[in-house]
2 protein chains.
Amino acid sequence: MIACSKCGKVETIVKSGFVRGKQRLYCKDCELYFSVTPPNVNSSKKHHQTTIVDIAKTLGISPSTVSRALNNSLEINENTRNEVIRVANELDYRPNLLAQSLHRGETHTIGVVIPDIQRPFFAGVVAGIQKVASEAGYRVMICQSNESHNTETLNVQALMASRVDGLLISHTKETNSFEHIKLQLRKGIPIVHFDRVCDELQTAKVILEDFEGSFALVEHLIKQGCRRIAACAGPEDLLISHKRLNGYKAALQKYGLPIEADIIFHSSFKQEDSINALNNWLDLSKRPDGIFTVHYANAIEMIMSLKQKGIKIPDEIALAAFGDDLVASMIEPSLTVYNQFPFTVGQEAAAILIDNIINKETFMPFTKVIKGELIVRQSSKKNLIN
Amino acid sequence: MIACSKCGKVETIVKSGFVRGKQRLYCKDCELYFSVTPPNVNSSKKHHQTTIVDIAKTLGISPSTVSRALNNSLEINENTRNEVIRVANELDYRPNLLAQSLHRGETHTIGVVIPDIQRPFFAGVVAGIQKVASEAGYRVMICQSNESHNTETLNVQALMASRVDGLLISHTKETNSFEHIKLQLRKGIPIVHFDRVCDELQTAKVILEDFEGSFALVEHLIKQGCRRIAACAGPEDLLISHKRLNGYKAALQKYGLPIEADIIFHSSFKQEDSINALNNWLDLSKRPDGIFTVHYANAIEMIMSLKQKGIKIPDEIALAAFGDDLVASMIEPSLTVYNQFPFTVGQEAAAILIDNIINKETFMPFTKVIKGELIVRQSSKKNLIN
DNA sequence: TACGTTTTCGGAAACGTTTGCGATAGTCAA
DNA sequence: TTGACTATCGCAAACGTTTCCGAAAACGTA
């Protein structure tokens with residue numbers, strides 16, 4: 001990738017003979033002749049990190065001896081070892097993990113791909129991952145897909161280029177093709193899915209009780225007296241959206257309530273979305289008396305909107321949602337939620353991945369379900385008997 | 001690091017002769033003789049990632065030619081280049097960044113050390129960092145110090161061992177010695193501080209308007225009629241705690257109000273802390289009529305507690321805090337805050353660091369101040385004229 | 001035809017580490 | 001005293017890539 005020294009373009013460069021052993025070049029745009037000068041001519045190699053060779057030189061021994069001294073090898077004299085360690089400390093030697101990893105063929109690093117670190121659920125997952133990983137001596141490299149399938153693919157490629165030992169991934173809302181994952185699986189690198197998993201892939205998975213959680217939330221609403229419960233579901237492409245919607249439907253069916261298409265809405269996690277859906281529902285001749293949302297943020301927005309309109313919660317409309325957060329307990333009325341324990345999800349996923357990495361040949365994929373917890377708050381507590 | 005094959009201990013191993021060219025060992029604990037077997041005997045080298053050598057072999061050319069073909073070198077025949085690219089795609093070749101980095105002496109990776117990814121401020125900063133970094137072709141490696149100085153030191157060492165090109169750091173609340181940073185600076189690696197910076201180090205910094213923000217918040221409280229404003233300051237060791245406290249004091253002085261030690265409290269970001277402080281203040285004969293906190297979470301906790309006690313906000317006590325979050329606008333009464341724009345902080349810090357990395361010799365450290373924004377909400381709005 | 005110039009490629013070194021193997025000198029017992 | 005064994009270390013290869021240097025072939029011109 002040689003660029004013109006004047007205009008910086010690459011595509012206009014042609015070769016034009018040799019001069020003093022160096023390639024002579026010509027930029028068609030600038031009509032300029034120039035030759036490439038090695039850019040590292042100035043690098044006086046002043047302040048590099050100290051290496052094993054530096055230690056070897058100051059002690060007049062060979063690098064292999066230094067390596068053995070630092071790696072608790074038995075084939076080394078105790079005096080030599082102590083000398084090496086002394087000098088290593090003096091020079092603040094830190095082994096170059098790049099070189100170590102290149103040699104070993106493993107990086108002791110795991111890659112994480114999440115849609116958005118700013119969402120408390122994923123931040124919690126990441127924290128859990130990092131705890132388990134660092135305790136096991138693994139580093140963590142985090143990428144955000146920003147809910148874009150293309151970015152997710154690039155993330156996966158970047159992490160693989162960095163030769164991570166394994167991958168932890170939760171897909172974007174628009175991901176419906178999994179070739180980028182299959183490609184890596186074929187190469188044999190361990191992958192563990194969490195939350196937004198993919199059933200067609202033979203990977204270990206850490207999932208939430210999507211069906212059961214939705215069922216519990218909706219059943220709770222029904223027991224509080226709701227008879228017409230609207231659903232703000234997730235993006236259509238997401239597997240967990242369907243699981244959660246199925247939990248909603250199953251609860252309705254159990255209590256003999258009809259499933260009505262006009263009060264089921266697929267949100268794409270945008271704020272306008274949920275407010276629009278809410279307004280549509282309120283305009284119906286038969287308003288819903290309960291709302292179930294798969295993402296707590298949607299419910300928060302709806303509560304704010306309902307309060308503005310002067311609609312009583314939970315008396316006129318009760319709400320319950322997936323996912324807990326500080327704001328869910330602070331808002332008035334506080335929001336009934338199904339807590340997902342994101343930190344635990346992260347811990348489990350990391351532990352399984354590391355197990356998969358270490359026991360690569362014998363590891364059998366399985367699915368771990370993290371149980372959630374129904375937290376009943378004011379947004380759904382109609383003061384009925386029971 | 002050779003461990004007993006039975007008990008797994010390392011310190012009990014002694015050498016005991018040779019057998020078939022292999023070191024024979026003896027575990028003093030287990031009274032067991034054994035010899036080391038090279039563990040990589042099984043590695044059948046089945047499914048490695050495809051390398052430049054693989055491409056070279058399938059085409060019957062040399063690795064250097066392949067490298068030239070893939071790097072847009074001019075010293076290559078177009079036909080050869082196309083063939084190489086074709087095979088590279090077929091084999092899904094991805095350059096090994098470890099090898100590239102080892103050769104180039106740079107990793108195109110920046111390290112980030114933050115206290116806690118689960119705090120919205122830092123999550124926002126990280127998102128901003130990742131945006132700028134990825135646009136500039138840099139990867140990001142994130143470590144959490146969990147507010148522990150020791151962990152922070154280990155984080156820095158780990159990132160340096162990974163040979164990151166630069167460091168972005170916000171110190172823990174207990175960090176008051178900076179040797180671990182100075183050590184790296186002496187080696188010449190670029191470091192940029194943000195938010196929780198350190199004035200004694202010659203690094204570029206991205207800071208908030210700590211003084212001005214506090215001043216604005218407290219001045220606002222005074223203008224709303226508060227005459228006795230308590231302060232929930234940050235940990236004593238933190239520079240920004242003092243800056244923010246100074247802003248508080250300056251505002252009081254400007255309006256001729258006394259600075260009273262019994263209503264200034266240094267929190268350590270723990271929940272019990274702020275509640276205890278609040279209770280102490282409420283027990284005073286002269287209760288404060290306003291509260292200023294350097295962290296919005298403390299204010300949220302206090303609002304909850306005040307509501308439980310039936311104390312009217314803002315009429316009896318008004319509140320204003322540093323840092324915005326969804327919960328600050330959702331709680332009732334909503335919380336007056338000074339928003340810090342964490343995403344912008346991350347973007348700026350990353351941009352400055354990358355500039356520092358690229359122009360290492362000419363870069364001059366400077367301090368960038370990210371302007372904040374006073375958001376007045378119900379917690380401070382006494383219905384006065386003006 | 002002959003020689004200089006270009007084009008294109010391969011060999012080898014280098015980045016920093018680990019490790020198998022061989023070499024040397026020391027130890028010990030017969 | 002001698003031979004077998006052991007303790008300790010250096011050499012060199014390897015990990016995957018880039019790049020300098022040199023070589024062979026192709027090309028052009030006198």
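Numbered from 1 within each chain, the chains take letters A, B, ... in sequence-line order. Note: hydrogens, waters and symmetry copies are ignored here, and every other heavy atom, side chains too, is used.
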Check: C/dG16 base within 3.5 Å donor-acceptor of B/Arg163 side chain: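 Absent.
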Between atom CG of B/Leu201 and atom OG1 of B/Thr203, what is the distance when rounded to the nearest 0.5 Å?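 Going from the CG atom of B/Leu201 to the OG1 atom of B/Thr203 covers 5.5 Å.
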Establish, with yes or no, whether the OP1 or OP2 oxygen of [N] is under 4.0 angstrom from a side-chain nitrogen or oxygen of [X].
X	N	answer
B/Thr65	C/dC9	no
B/Asn77	C/dT7	no
A/Thr80	D/dC9	yes

Can you see which heavy atom on A/Thr107 is nearest to which on A/Asp165, and at what distance?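 Distance-wise, the nearest heavy atoms are N-OD1, 2.9 Å.
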Which of the following nucleotides, D/dG10, C/dT18, D/dG16, is nearest to the side chain of A/Ser62?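 Nearest listed nucleotide: D/dG10.
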Rounded interatomic separation in angstrom, taking CD from A/Glu106 and C1' from D/dC15: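 Rounding to the nearest Å, CD of A/Glu106 and C1' of D/dC15 are 13 Å apart.
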Figure out the CG/C1' separation between A/Leu74 and D/dA7, and round it to whole Å.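 The answer, rounded to whole Å, is 11 Å.
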Please tell me if the side chains of B/Thr175 and B/Thr172 come closer than 4.5 Å, counting only heavy atoms from C-beta onward.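 Answer yes - side chains close enough.
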Give one of base, sugar-phosphate or nothing for A/Ser67, where a contact means two heavy atoms less than 4.0 Å apart.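 A/Ser67: base contact, heavy atoms under 4.0 Å.
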Which parts of residues 96-105 of chain B get close to DNA chain D, meaning a heavy atom less than 4.0 angstrom away?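 Result for residues 96-105 of chain B: B/Asn96, B/Ala99, B/Gln100, B/His103, sorted by number.
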